[in-house]
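Structure first, commentary second.
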Amino acid sequence: MVYSVLERELDKRAVDQLQAKLGQIQHSLEERPANPTKAPWQHVLADALLGHDELSVTVLSAEEDTPLYGLGSHAYADELRPGRWPDAQTLAWHSDDGHDLLTIRTSLTIPSLPPLQLLLSQDRSSDRFLLDAFLRAALISLPILLLLIGAAAWWTGYQGLAPLRHFRRTARAITTRQLTLRVDDTNLPAEVADLAIALNTMLERLNTGVQQLDRFADDVAHELRAPLGILIGRTQMVLSRKRDEATYQKALEDSLDELDRLSRIVADMLLLARLDSHEPLTSLSQVAVEQETLKVCSLFEAYAEAREIELVVKGQLQVEGDKLMIQRALSNLLSNAIRHAYPRTAVIVELGAQEEGGGWAAVINQGSPIDPDELSNVFNRFYRAGDQPTGGSGLGLAIVRAIMISHRGLVQAESHNGMTRFTLTFPPAITPVTNFDEQGEAEALCSPTNR
């Protein structure tokens, strides 16, 4: 492409030079009659070509084919005869001695002479030499230039992909036991920095999740080990020698209690696993919370009477949610409140609606206060305040938190002046949890307070 542009510009320059020189010669010849003492017209042509060895001039008669005058190395070439001249003002041709020439013609009028034609030719060997030299230089330098460009492109790409190679090394080093590695996101291009931040965020979530799973597995093993150990020990003791029927009956009844506890732990674990999967709630409806609370209270009525505890429900509330899940959350809170309340006191469930929609449900009991240091742990799995056995699985409040996260609500715990209060807050409408960012936000809302 560059070669074609250069060739075209050289052709244009040659035509312009010939036209300018031709105009100069024609002007000199036409002015000659004004000064009779001036040299003959042949001398004028010779003076015009002085110092221009590449130019040749030919003067032809308009009626005859024979040149009247010629000056220059190519003035009498056969290609310039009128019979061989095409119907054009310019002619590019190749001489017998291997030269490229460009000829331009025009009519010439000289007083006392018949009509003439003036042909001015230029030897373009210098232009051809320039083009050939350019082509040779391009053919020699182009491969070198391409190699340099390729090397520069490779180096630029290599340097640009350096962060991705670092990502790869980091990814290869990550295992389930080594999730603390992070990608250094300093001094990175904006596009790659965003990727590094996203990767680090993902690794942080994975690390948190694996740690939670490890803790959960340890807690599960700890919780299941005790009842299983009791069952095995009691069975071995009973089978160590022959017993009467009453002893066997008592051993089976005791084993059944432990099996019931194991069954509740497994059921609670399955429920937590389903809630932790953050599947969208499919059974949404308008729930009259006061009615569901009364149903739950009726289930705990005998248990509360046995502990001389009165169950009181105040207020009304209607929210959008999963009826069975809301029942389970209220049931866990009521069971926990009755278990820890002082005898001959009341467990109160207060309900209230918010102006912008949604509302809250609070379960209040009077009993041993929860230490402020323990409030931050009451929603953890298998946690028991004061580390005292209570007969529960240690998963009740964890299930309540998971249920409120799935409802995009929050749960708060507070304990002061001998009163313990757990508050469920429901949003005006439920937006399902669709990603880990929303999950983290919801879990942050499900936090204890101490006032």
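The model shown is predicted, which means the values in this text are computed figures rather than measured ones. Counting from 1, the numbers follow the sequence of the chain as shown.
Using modelled atom types, one finds a donor on one side chain and an acceptor on the other under 3.5 Å when comparing R339 with S335.
For NZ of K323, the number of neighbouring non-hydrogen atoms (other residues, nucleotides, ligands) closer than 6.0 Å is 12 at most. In E355, the CD atom is not crowded: 12 or fewer heavy atoms of neighbouring residues, nucleotides or ligands sit closer than 6.0 Å.
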Between Q42 and L71, is a side chain to side chain contact (heavy atoms under 4.5 Å, CB included) present by the stated rule, with each step listed? CA-CA 9 Å; Q42 292 89 344; L71 183 63; over 6 Å; no

Mind running side chain to side chain contact (heavy atoms under 4.5 Å, CB included) on L120 and K21 for me, showing each step along the way? CA-CA 8 Å; L120 185 61; K21 179 58 71 172; 3.6 Å; yes

Take D322 and H407, measure what side chain to side chain contact (heavy atoms under 4.5 Å, CB included) needs, and give me the verdict at the end. CA-CA 8 Å; D322 187 305; H407 282 75; 3.9 Å; yes

Candidate pair L424 and L333, rule side chain to side chain contact (heavy atoms under 4.5 Å, CB included), full reasoning: CA-CA 10 Å; L424 308 179; L333 290 181; 3.8 Å; yes

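Residues meeting the salt bridge (Lys or Arg N to Asp or Glu O under 4.0 Å) test with D11, sequence neighbours left out: R124. Partners of E79 by side-chain hydrogen bond (donor to acceptor under 3.5 Å, both in side chains), not counting sequence neighbours: none found. Residues satisfying the salt bridge (Lys or Arg N to Asp or Glu O under 4.0 Å) criterion with R13, sequence neighbours excluded, are D127. Under the side-chain hydrogen bond (donor to acceptor under 3.5 Å, both in side chains) criterion, R182 pairs with E204, sequence neighbours left out. Residues passing the salt bridge (Lys or Arg N to Asp or Glu O under 4.0 Å) test with D16, sequence neighbours excluded: K12. With sequence neighbours excluded, the residues satisfying side-chain hydrogen bond (donor to acceptor under 3.5 Å, both in side chains) with Q17 are Q122. By the side-chain hydrogen bond (donor to acceptor under 3.5 Å, both in side chains) test, Q327 pairs with E292, sequence neighbours left out. Taking F167 as the reference, nothing meets the ring-ring contact (aromatic ring centres under 6.0 Å, His included) condition, with sequence neighbours excluded.
Side-chain contact between T208 and L179: absent, with no pair of heavy atoms (C-beta onward) separated by less than 4.5 Å. Between V15 and L102, some side-chain heavy-atom pair lies under the 4.5 Å cut-off. Using a 4.5 Å cut-off on side-chain heavy atoms (C-beta onward), H74 and W93 make contact.
N417 places no side-chain N or O within donor-acceptor distance of the main-chain N or O of M419, the cut-off being under 3.5 Å. Of the possible polar contacts, one joining the T235 side chain to the L231 backbone as a donor-acceptor pair under 3.5 Å is found. With hydrogens and angles ignored, the 3.5 Å screen pairs no side-chain donor or acceptor of T58 with any backbone N or O of G70.
Rounded to the nearest 0.5 angstrom, L49 CG and I25 CD1 are separated by 5.5 Å. For the atom pair CG (L80) and OG (S95), the distance works out to 10.5 Å, reported to the nearest 0.5 Å. Between the CD atom in E320 and the CD atom in Q286 there is a gap of 6.0 Å [rounded to 0.5 Å]. Atom NE2 of H340 and atom CG of N336 lie 4.5 Å apart (nearest 0.5 Å). In this structure, F426 CZ and R408 CZ are separated by 14.5 Å, a value rounded to the nearest 0.5 Å. Here the straight-line distance linking atom CD of Q24 with atom CD of Q19 works out to 14.0 Å at 0.5 Å rounding.
Shown here for G409 and P427, the closest heavy-atom pair between the two residues is CA-CD, 3.9 Å. Of all the heavy atoms in S255 and R234, the pair that sits closest is N-NH1, 3.7 Å. The two residues A413 and V378 come nearest to each other via the heavy atoms CB-CG2, 4.3 Å. Between N332 and G396, the closest heavy-atom pair is ND2-O, 3.1 Å. A pairwise comparison of heavy atoms in T103 and S121 identifies OG1-OG, 2.7 Å as the closest pair. Among all heavy-atom pairs drawn from A329 and V400, the shortest one is O-CG2, 3.8 Å.
With R421 as the partner, the side chain to side chain contact (heavy atoms under 4.5 Å, CB included) test is satisfied by one option alone out of E350, Q412, H416: E350. Residue Q354 forms a side chain to side chain contact (heavy atoms under 4.5 Å, CB included) with just one option from T425, V319, L317, and that option is T425.
Residue pairs satisfying the side-chain hydrogen bond (donor to acceptor under 3.5 Å, both in side chains) criterion with at least one member in residues 165-174, sequence neighbours excluded, are absent. Evaluation of the salt bridge (Lys or Arg N to Asp or Glu O under 4.0 Å) test over residues 324-335, restricted to residues two or more places apart or in two chains, returns D268-R328. Sequence neighbours left out, the pairs with a member in residues 97-107 that pass salt bridge (Lys or Arg N to Asp or Glu O under 4.0 Å) are D100-R128.
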Show the atom names and distances, to 0.1 Å, of all donor-acceptor pairs under 3.5 Å that link a side chain in residues 129-156 to residues at least two apart or in another chain.
{"residue": "S141", "atom": "OG", "partner": "A137", "partner atom": "O", "Å": "2.7"}
{"residue": "T156", "atom": "OG1", "partner": "A152", "partner atom": "O", "Å": "2.8"}

